[in-house]
S.K.: 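Quick one: the structure is below, questions incoming.
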Amino acid sequence: MARDPYAKIGVDRAGDQLGQLADDVAATGQPVLLTKRGALTGAMLAPIELLRAVPPAYLDQAIRQAGEAAVDNYLAEFDPEDVAAAAAWAEGLTADPPHVRRSA
Amino acid sequence: MIVDHTFIAEHGKGGVFLASAIGAYSRARKVLVIPLPSLLAAAGSATTPAARARISWLLSPQLSAVIRLQEVEEDDARAMLDLPVLAAGEGLEWAAWAPVVWTAQRLEVPVLTLNGKVYEAYGIAYRGLP
């Protein structure tokens, strides 16, 4: 019997249960695509009224986690040594102060 | 950080640096800004389906929290027309650089680019490949 990823959803703990929803949908092998408007796209659609109740910060976090997974999948195609070198360079970029007028 | 068309094109050619930056920025809870004209310029210069696919990947919904597309409104375009033409050159070349210069000046953030000389001419900070 197919799992119903929405069976656990209630309205009182929407934030936690969105995470559970994402985990459950991912376990089915379906793409998990959370949009800023709160819709879960792809083969499955979450109830919009539930996702609208999710705090935006939580939704942003869920999108970021999906993004990090997408990046990991993308970089899995490349030489691990190249990826490691690029990752070290990229971590340095994020140390930039938010406002930099001149190149170092 | 703003990403210009030269860096997006490098990603299209199979570079790992932009994807790595996306991952690092996501973990740091920061955003990368891509002016829409920069994305279009890079996509337009892509010569293979694979390069176009890599550039299209930047539009994946999963990346929407870390990549913010900067669209150019009509008023913004008018402001860009007032930008002095310095090292960026004329014509189509200028049209690719101007949105980045304008966005960088407005947001006061560095640009990720393969051609920092253009931004030096405008006094804008930049970062390039290691």
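Side chains are part of it too, since the values below use all heavy atoms of this structure and drop only hydrogens, waters and symmetry mates. All of these numbers come straight from a predicted model, not from anything done at the bench.
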S.K.: Under the salt bridge (Lys or Arg N to Asp or Glu O under 4.0 Å) rule, what do B:K30 and A:E91 come out as? Steps first, then yes or no, please.
M.R.: CA-CA 12 Å; B:K30 293 184 173 183; A:E91 292 297 334; over 6 Å; no
S.K.: Under the side-chain contact (heavy atoms from CB on, under 4.5 Å) criterion, do B:S20 and A:L75 qualify, and how do the steps go?
M.R.: CA-CA 8 Å; B:S20 297; A:L75 291 175; 4.0 Å; yes
S.K.: Which atoms of B:A28 come close to chain A, meaning under 4.5 Å heavy atom to heavy atom: side chain ones, backbone ones, both, or neither?
M.R.: side chain
S.K.: Going by the angle between their ring planes, with limits at 30° and 60°, are A:W89 and B:F17 parallel, tilted or perpendicular?
M.R.: perpendicular
S.K.: To check you understand the geometry: which heavy-atom pair defines the closest contact between B:A19 and A:V71, and what is its length?
M.R.: O-CG1, 3.4 Å
S.K.: Which atom names give the shortest non-hydrogen contact between A:E68 and B:S26, and what distance separates them?
M.R.: OE2-OG, 2.8 Å
S.K.: Quick check on B:S60 against chain A: is it the side chain, the backbone, both or neither that has a heavy atom closer than 4.5 Å?
M.R.: neither
S.K.: Chain B contacts: which residues in residues 76-86 of chain A have a non-hydrogen atom closer than 4.5 Å to it?
M.R.: A:F78, A:D82, A:V83, A:A86
S.K.: Which atoms of B:L112 are under 4.5 Å from chain A, going by heavy atoms: the side chain, the backbone, both sets, or neither?
M.R.: side chain
S.K.: Do B:M1 and B:V31 sit in one hydrophobic cluster, given that two such residues count as connected whenever their side-chain heavy atoms are within less than 4.5 Å of each other, even indirectly?
M.R.: no
S.K.: With respect to chain A, which residue among B:A21, B:G23, B:P130 yields the maximal number of heavy-atom pairs within a distance under 4.5 Å?
M.R.: B:P130
S.K.: Give the minimum heavy-atom separation between B:A65 and A:R64, together with the two atoms involved.
M.R.: O-NH2, 3.2 Å
S.K.: Quick one: list whatever passes side chain to side chain donor-acceptor pair (under 3.5 Å) with B:R106, sequence neighbours left out.
M.R.: none
S.K.: Start with the C-alpha distance between B:I22 and A:Y74, add both sets of side-chain angles, then the distance that settles side-chain contact (heavy atoms from CB on, under 4.5 Å), and finish with yes or no.
M.R.: CA-CA 11 Å; B:I22 293 168; A:Y74 182 88; over 6 Å; no
